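The block underneath contains the structure these notes are about, expressed in structure tokens.
Worth saying up front: this structure is predicted, and the values here are computed from it rather than measured. Convention: sequence-line order gives letters A, B, ...; per-chain numbering from 1.
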Amino acid sequence: MDKEKDHLALTNSLNFIEQIVEDHNTNGRFEKRVHTRFPPEPNGYLHIGHAKSICLNFGLAQRFHGLTNLRFDDTNPETEEAEYVEAIEQDVKWLGFSWDERKFFASDYFEQMYAYASQLIRDGKAYVDDQTAEEISATRGTPTVPGKESPFRNRSVEENLALFEQMKQGKFQEGAKVLRAKIDMASPNMHMRDPVLYRIKKAAHHRTGNAWCIYPMYDFAHCISDSIERITHSICTLEFEVHRPLYDWILESLGVYQPQQIEFARLNLSYTVMSKRKLLQLVNEKLVSGWDDPRMPTISGLRRRGYTPESIRNFAHRIGVAKRDNLIDVALLEFSVREHLNQVCSRVMAVLNPIKVVITNYPEGKTEMLTTENNPEDPQAGHREIPFGREIWIEQDDFMENPPKGYFRLSPQGMVRLKSAYIIQCQEVVKDAQGQIQELKCLYFENSKSGADTSGLKVKGTIHWVSAAEAVDAEVRLYDRLFTVEEPDKQEDKDYKEFINPASLVVLPHCKIEPSLRQAKLGERFQFQRLGYFCVDKDSSPQQLVFNKTVGLKDSWAKEQKK
RNA sequence: UGUCCGAUGGUGUAACUGGCAACACGUCUGAUUUUGGUUCAGAAGAGUCUAGGUUCGAUCCCUAGUCGGACAACCA
């Protein structure tokens, strides 16, 4: 963390948005104020792409000693729900940012927006159109062909005012009329071809209930909300670039305070999908267990997976901001968690795929307590005791009957160090009738005890283990990338769902973990020695602990094997 | 014969605003290590989309082209 701060302090290079802010500070456009906002629509859960935006908006304000508002862009009652508002607030807080008292809703401003719309009408800059949605769409033209003006375009101000008032009063059916800006049906920018400002929706709104039956469109609501809140820099993603002329047109026409809209390239992460629509589909079609499925790129999914807010913030900082399309390697995200978890997690013993080892020369019934370090990266973390006995579990991967060269774990007649315990040597491989390994009979060297080794034996490998008598059973869920290809939604003529990784979730119901883990609390994170980082899942019960694998340790042996 | 935006190692971002390209991830060596982790030391990898122009000098400025992206919801 300190390293990160130093880096921030030392770096004098600004990203393009910070550059714009500096320019504004120099030319005095906003009196050196910086006031941003994070404006989610409460119609789904936040994902890692939103995290980038959150870090950008709150981070920019922090860097320039400004403020950031949280604003829910709730102008479409049909898709928005209070449940999402709750979840979004939790996610932003969890990421470590605070909007203080400045939580707003676009719906807070409905009254003001209505007044502004009326003002546009009075100024001859908006009109009520009776055309159907189909007609409007058909007369809009195409990017290369100009649109046609509506036959209702030149109604009188009085008539427009009256009609708009009646729309508000619910005198018309949904779809019967809309309010449109009167701009230019021949504009090369489609968004300037008399865009719809208000539509009739007889739906209950999560906050205003049935008070309204007309709702403003994004383009109208967003710029006005920004203006009301005295936002200086309205940061959004690239697809809104073509909306900027409209953003400016509305505010200029109204003659009100005008923020600067700035667009950046949204985050794309390899081996996943990021659109809300697709994530919702995965949830609805039960392809994942929910918004917080640990395989989801949602903030709640990453949280449940074991990611830390710090690691996500560092990730967001590392990927930078620019305007070109990008595809970030998910390995960078994984690096960011490992980096943080390595510093803070206790190391514990857990055997995922156990094989029994019987130490034939160790006294039956004897248990001794051995001391082990909690975290070699953090001397403050101290030590703890773990039981050792005649029968232990070790990892299947840590034994091979016919090891390849370079393998330095256990094999027939081979020796390994049991982490924080003794060196053992494999004497016999016991198999059942099918040839499956039942157990390994080993000898231990009494004088090879960790910290007091006088055996003089040199072994290359050290493996983890759990004493069989005291071992606790646990379920461990292993996760892999949700998709098998880098860009699942960009495969020609194929649906992204065809690329779901069938092995993205592997459940191991009978893992053996050290007894101290019985006390592990929900969400607590550990390094399972030599395996990776794991955290306690909410599905845990007093009878059965459930762990999620956050990310594996780097595995240079596995890499070597692939060659 | 539309408008707008973009182009720097495999990936992502820099280059103090014109002085022959840096950082991170990834990859590869080696050292240390009771985690094949961490840490440490080091290496390879782009001459900045192309062609012109301005300039003593261009990743940076200009022009044209190429390629990629966005835009035709009463969604945001």
Query raised in the report: Any luck finding a side-chain donor-acceptor pair between A/S336 and A/N314 under 3.5 Å?
Result: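 Looking only at side-chain atoms, A/N314 and A/S336 do not form any donor-acceptor pair under 3.5 Å.
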Query raised in the report: Donor-acceptor pair under 3.5 Å: do we get one between A/E377's side chain and the base of B/G37?
Result: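 Indeed there is one.
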Query raised in the report: Between the base of B/U34 and the side chain of A/R417, is there a donor-acceptor distance below 3.5 Å?
Result: yes
**Report entry** ring-ring contact (aromatic ring centres under 6.0 Å, His included) contacts in which one or both residues fall within residues 180-202 of chain A, not counting sequence neighbours
**Finding:** A/F164-A/Y198, A/H191-A/H243, A/Y198-A/F220
Short side-chain N/O contact to [N] OP1/OP2 from [X], under 4.0 Å:
| X | N | result |
| --- | --- | --- |
| A/R244 | B/C71 | no |
| A/S13 | B/U13 | no |
| A/T144 | B/U1 | no |
| A/K323 | B/C4 | no |
| A/R193 | B/A72 | no |
| A/T132 | B/C74 | no |

Query raised in the report: Between B/U35, B/G12, B/A76, which nucleotide gets closest to the side-chain atoms of A/R347?
Result: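 Comparing B/U35, B/G12, B/A76 against the side chain of A/R347, the answer is B/U35.
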Query raised in the report: Which range-with-range stems can be found for RNA chain B when each stem has 3 or more Watson-Crick or G-U pairs in a row and both distances sit under 3.5 Å?
Result: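 Looking at RNA chain B, the stems formed by three or more consecutive pairs are B:2-7 with B:66-71, B:10-13 with B:22-25, B:27-31 with B:39-43, B:49-53 with B:61-65.
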Report summary line: The ring pair (Phe, Tyr, Trp, His ring centres under 6.0 Å) partners of A/H47 (sequence neighbours excluded) come to A/H50
Going by the rule side chain to side chain donor-acceptor pair (under 3.5 Å), which residues pair with [X] if we only count those two or more places apart in sequence or in a different chain?
| X | result |
| --- | --- |
| A/Y307 | none |
| A/K323 | A/E241 |
| A/K419 | none |

**Report entry** Where at least one partner belongs to residues 37-51 of chain A, residue pairs that pass salt bridge (charged side-chain N to carboxylate O under 4.0 Å, His left out), sequence neighbours excluded
**Finding:**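 Found A/R37-A/D226.
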**Report entry** 5'-most by nearest nucleotide on RNA chain B - A/F528 or A/A265
**Finding:**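 The residue closer to the strand's 5' end, by nearest nucleotide, is A/A265.
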**Report entry** Of A/Y218 and A/Q527, the one whose closest RNA chain B nucleotide lies more 5'
**Finding:** A/Q527
Rounding to an integer number of angstrom, what distance separates [N] and [M] when you compare their [atom1] atoms?
| N | M | atom1 | value |
| --- | --- | --- | --- |
| B/U8 | B/A14 | C1' | 10 Å |
| B/G45 | B/A24 | C1' | 15 Å |
| B/G53 | B/C60 | C1' | 15 Å |
| B/C16 | B/A72 | P | 37 Å |

Between N or O atoms, less than 3.5 Å apart, protein on one side and nucleotides 24-30 of chain B on the other: list the pairs.
{"unit_1": "B/U27", "atom_1": "OP1", "unit_2": "A/K559", "atom_2": "NZ", "d": "2.6"}
{"unit_1": "B/U27", "atom_1": "OP2", "unit_2": "A/K559", "atom_2": "NZ", "d": "3.4"}

Query raised in the report: Quick one: side chain to side chain contact (heavy atoms under 4.5 Å, CB included) partners of A/Q166, sequence neighbours excluded?
Result: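 Once residues adjacent in sequence are excluded, the partners of A/Q166 under the side chain to side chain contact (heavy atoms under 4.5 Å, CB included) criterion are A/L163, A/Q169, A/K171, A/F172.
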Requested in this report: Compare the ring of A/W557 with the six-membered ring in the base of B/G36 and state whether they stack (centres under 5.5 Å, planes under 30°).
Outcome: yes
Report summary line: Residues of residues 176-188 of chain A with a heavy atom under 4.0 Å from any atom of RNA chain B, listed by number, are A/V178, A/P188
**Report entry** Under the salt bridge (Lys or Arg N to Asp or Glu O under 4.0 Å) test, residues paired with A/R525 that sit two or more places apart
**Finding:**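 Partners of A/R525 by the salt bridge (Lys or Arg N to Asp or Glu O under 4.0 Å) criterion come out as none, since no residue qualifies.
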Report summary line: Heavy-atom contacts, protein to nucleotides 41-48 of chain B, under 4.0 Å, summarised as B (base), S (sugar-phosphate only) or - (none) per nt, yield --------
Report task. Using atom types as modelled and distance alone, determine if a side-chain donor or acceptor of A/R193 lies under 3.5 Å from a backbone N or O of A/R140. Result -> yes
